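Data first, discussion second: the structure below is written as structure tokens.
What you are looking at is a predicted structure, and each value in this text was computed from that prediction instead of being measured. So that the names make sense, note that chain A is the first sequence line, chain B the second, and so on, each numbered from 1.
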Amino acid sequence: MSYPDKKVLLDVKNDFPVLVNNPNLVYLDSGATSLKPKCVIDKLDEYYEKYGVNVNRGVYKLSYTATTEYEETRTVCAKFLNCKEREVVFTKGASNGLNLVAQSYGMDNLNEGDEVISSELEHHSCVLPWQNVCKIKGAKLKYVELDSEGRITVEAFKKVLSNKTKVVVLTHVSNVMGYITPIKEIIRLAHEVGAVVVVDAAQSVPHMKVDVKDLDCDFLAFSAHKMFGPTGFGVLFGKFKYLKAMRPVEFGGDMIDEVYKNESTWKDAPFKFETGTPPIAEAIAFKEAIRYIESIGYEKIQAHEKALMEYTMRELVKIDGVTIYNKSVETGIIAFNMTGVHPHDASTLFDERDICLRAGHHCAQLIIKWLDTIGTLRACFYIYNDFEDCDKFIEAVKDSAEYFKEW
Amino acid sequence: MAGISDLYNQVLKDHRNYPRNKGLIDGYKTLKVKNPSCGDDVTVQLNIENGIIKDVRHIGTGCAICCSSASVMSETLKGKSVKVANEIIEDFYELIKGNYPDDEDRLGDAIVYVNIHNYPPRAKCATLAWRAAGAIIHGDEGETIDE
């Protein structure tokens, strides 16, 4: 096959030790987690080797260094998202952040008869916390009707939006279909009826510039590990006026102001939501992940992913025996199946060739049911993939189609 | 496709496409096992009379490994005493790790799953129905979630 212009591609494979140590690996599972660049791994080591003590406690020099490094990540995050530092809540990840909003804001602000809008495209972490709160509070969970491709549209959103809508909770980019939600317009409309909007940005922040001020979202959550950062860490952005009014949902060390026998007071946001010793090394190293992204730039990241996607999709649609669910997708995610073959059976063939794919329901059973299938295969492109990866993937799809034709 | 055809062999294909003892019968001891993380679910029934497994039935949805293995299990355990069935089930678990049992013959078609040991993530698929059968023998009934 002849490659399109290679100049548009980034050359960063050597930044990723997993790829250096596994030179034949074709890693197409970045939607589950990204690989980590050396600069992030080095920063984790730096904490453990040079000043590995607790934060916000000791009055000795090492503790000061650890705390400074830790809080510097908040500053870097705030600049990255275009918000204030006090609007950056450190969490265990996107799921944790989304649950926090439901458990605190949802439990205190939803009442019987109120409505929450979500969609069938959501990851379980996005919709289930609200399904739970709605049940407890007697509120109604409504779903935006997806269009024929499985997309959330502004038109369909308008049909479920009403004066009863109090919360809108939607994905920014679907982890199964890769579609970008027209979230900015949805936020504008939601605000017209006084609803707050919670955005699941786990699949968007790794790939596109997200400016919370520009979007005007009320809450936005994402994970570090999908964007070159460490596991077990994430960020919840919340407008300060909401965070300030919200109750903490976890109590204990670090988050308190004054403690009495029957009454206690909390620190201000965001600290009242950050209980106990946090994942310190992970928080400290996360800023290196953001700096890594910024050193490359989202424009180049998107051009890279677009080139790989166009190249791959062009070949994929020609292969008999493949069902592609998102042919018009605008991000680097391909949702597909080998026709008539269970995704786990097909994925073993890919695994045999060191091609890492996700197979199954992707923690998003609602869209899998909407697609009327039992699961899908998912290939995700990120900056460390190249045209050779695409070729190996396409070749495996062809061979898989040929092999399972008889089945 | 050399490696993959060791796993996805003709015996497995035959059981996937023409499952034996499929369909449930009222009155048998029944256990449904679900694996929520992969979506596989299998319901196994045993009819045990006087210590003999008179009949084995199954239904389910899942990958070819899981579905074929349920069919193979039903053929292999049918007619065996509970004691022998337990031994065969243990032999099968060993086989999945790549260890041939002393008595290969009584595993029947199940012997073809030996190649699974080259594909550790698929071991759970191959053993799901066997674990359900083992659990029924040990008194479990109803529904359970596979961890």
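B/S37 touches chain A through its backbone: at least one of N, CA, C or O sits under 4.5 Å from a heavy atom, while the side chain does not. Heavy atoms of A/H361 lying under 4.5 Å from chain B belong exclusively to its side chain. Only the side chain of B/D40 comes within contact range of chain A, with at least one heavy atom under 4.5 Å from a heavy atom of that chain.
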Does A/H225 form a side-chain contact (heavy atoms from CB on, under 4.5 Å) with A/K36? I'd like the steps, not just the answer. CA-CA 8 Å; A/H225 72 93; A/K36 320 304 174 205; 3.7 Å; yes
Test B/H58 against B/N21 for side chain to side chain donor-acceptor pair (under 3.5 Å), laying out the working first. CA-CA 7 Å; B/H58 65 96; B/N21 305 309; 5.9 Å; no
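Here B/E141 does not pair with B/K29 in a salt bridge; the nearest charged N to carboxylate O distance is not below 4.0 Å.
Rounded to the nearest 0.5 angstrom, A/S347 OG and A/D29 CG are separated by 10.5 Å.
Between chain A and the residues B/G62, B/C125, B/G39, the most heavy-atom pairs under 4.5 angstrom are made by B/G62.
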